[in-house]
Amino acid sequence: MAASNPDVVVVTTTHDAEPAARALAAAVVRERLAACAQVYAVRSVYWWDGEVQEGAEWRVDLKTRADLADRLTAFITEHHTYDTPEVVAVPVVAGSSGYLAWVAAETAP
């Protein structure tokens, strides 16, 4: 394991439908804003419109370089159907050096 790699982040967003989540994930990877994406079902509980809401969503985790986080956030916001989409970037503090190098290579200009 690499001790630390602040150059790589995992950016998370959610979508209300699997086809839309998969389409967003593919578009992001196609644009080389992330090396890969994982899409999976989650159950979300959140405060919205003055009350607690609950519903099925599809979570998308995108692996990318930290310096692409702002561009990726803008891309997600532009292509998302939610008024306020979740976009959260979490730094990768450790990981396989080979995998982290692959993320960097696949998102290189």
Side-chain angles (χ1 to χ4, degrees):
M1 283 256 183
S4 177
N5 191 326
D7 298 332
V8 176
V9 296
V10 177
V11 174
T12 298
T13 191
T14 55
H15 227 298
D16 59 355
E18 183 180 12
R22 290 187 183 282
L24 180 63
V28 167
V29 172
R30 191 176 305 107
E31 290 293 318
R32 309 296 283 221
L33 293 173
C36 68
Q38 295 165 320
V39 179
Y40 49 98
V42 296
R43 190 93 186 144
S44 295
V45 178
Y46 51 95
W47 188 266
W48 191 254
D49 287 336
E51 62 185 357
V52 175
Q53 307 280 330
E54 181 177 342
E57 289 189 298
W58 292 86
R59 180 173 167 161
V60 183
D61 286 338
L62 303 146
K63 283 58 155 232
T64 192
R65 297 189 335 258
D67 64 330
L68 289 175
D70 287 342
R71 284 182 46 204
L72 179 53
T73 298
F75 186 91
I76 291 169
T77 301
E78 180 181 335
H79 293 88
H80 210 290
T81 59
Y82 287 6
D83 293 337
T84 307
E86 170 189 9
V87 183
V88 178
V90 178
V92 173
V93 297
S96 159
S97 58
Y99 181 80
L100 298 176
W102 175 79
V103 169
E106 294 305 315
T107 56

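- Contact of the Val28 side chain with the Leu72 side chain is registered, since non-hydrogen atoms from C-beta on lie closer than 4.5 Å.
- Atom CZ of Arg32 sits about 12.0 Å away from atom CZ of Arg71, to the nearest 0.5 Å.
- Closest of all the heavy-atom pairs between Val11 and Ala89 is CG2-CB, 3.9 Å.
- Val9 and Val88 end up in different hydrophobic clusters when Ile, Leu, Val, Met, Phe, Trp and Tyr side chains are linked at under 4.5 Å.
- The distance from atom OG of Ser96 to atom CH2 of Trp102, rounded to the nearest 0.5 Å, is 11.5 Å.
- Side-chain contact between Lys63 and Val10: present, with at least one pair of heavy atoms (C-beta onward) separated by less than 4.5 Å.
- Residues passing the side-chain contact (heavy atoms from CB on, under 4.5 Å) test with Ala25, sequence neighbours excluded: Ala37, Val39, Val60.
- Considering OG1 of Thr73 and CG of Leu68, their distance stands at 10.5 Å, rounded to 0.5 Å.
- With sequence neighbours excluded, the residues that form a side-chain contact (heavy atoms from CB on, under 4.5 Å) with Ser44 are Val42, Tyr46, Glu57.
- Residue Thr64 holds its OG1 atom at 11.0 Å from CD of Glu106, rounded to the nearest 0.5 Å.
- The minimum heavy-atom distance linking Val52 with Val45 is given by the pair CG1-CG1, 3.7 Å.
- Atom CG of Asp67 and atom OG1 of Thr107 lie 7.5 Å apart (nearest 0.5 Å).
- Identified under the salt bridge (Lys or Arg N to Asp or Glu O under 4.0 Å) test for residues 11-31, with sequence neighbours left out: Glu18-Arg22.
- Residues Tyr82 and Ile76 are members of separate hydrophobic clusters, defined by side-chain heavy-atom contacts under 4.5 angstrom among Ile, Leu, Val, Met, Phe, Trp and Tyr.
- To the nearest 0.5 Å, atoms OG1 (Thr13) and CG (Leu62) are separated by 8.0 Å.
- When side chains are defined from C-beta on, Tyr99 does not count as touching Val8, because their heavy atoms never get closer than 4.5 Å.
- Using a 30° and 60° split on the angle between ring planes, His80 and His15 fall in the parallel class, below 30°.
- When the side chains of ILVMFWY residues are joined at heavy-atom separations under 4.5 Å, either directly or via intervening members, Trp58 and Phe75 end up in a single hydrophobic cluster.
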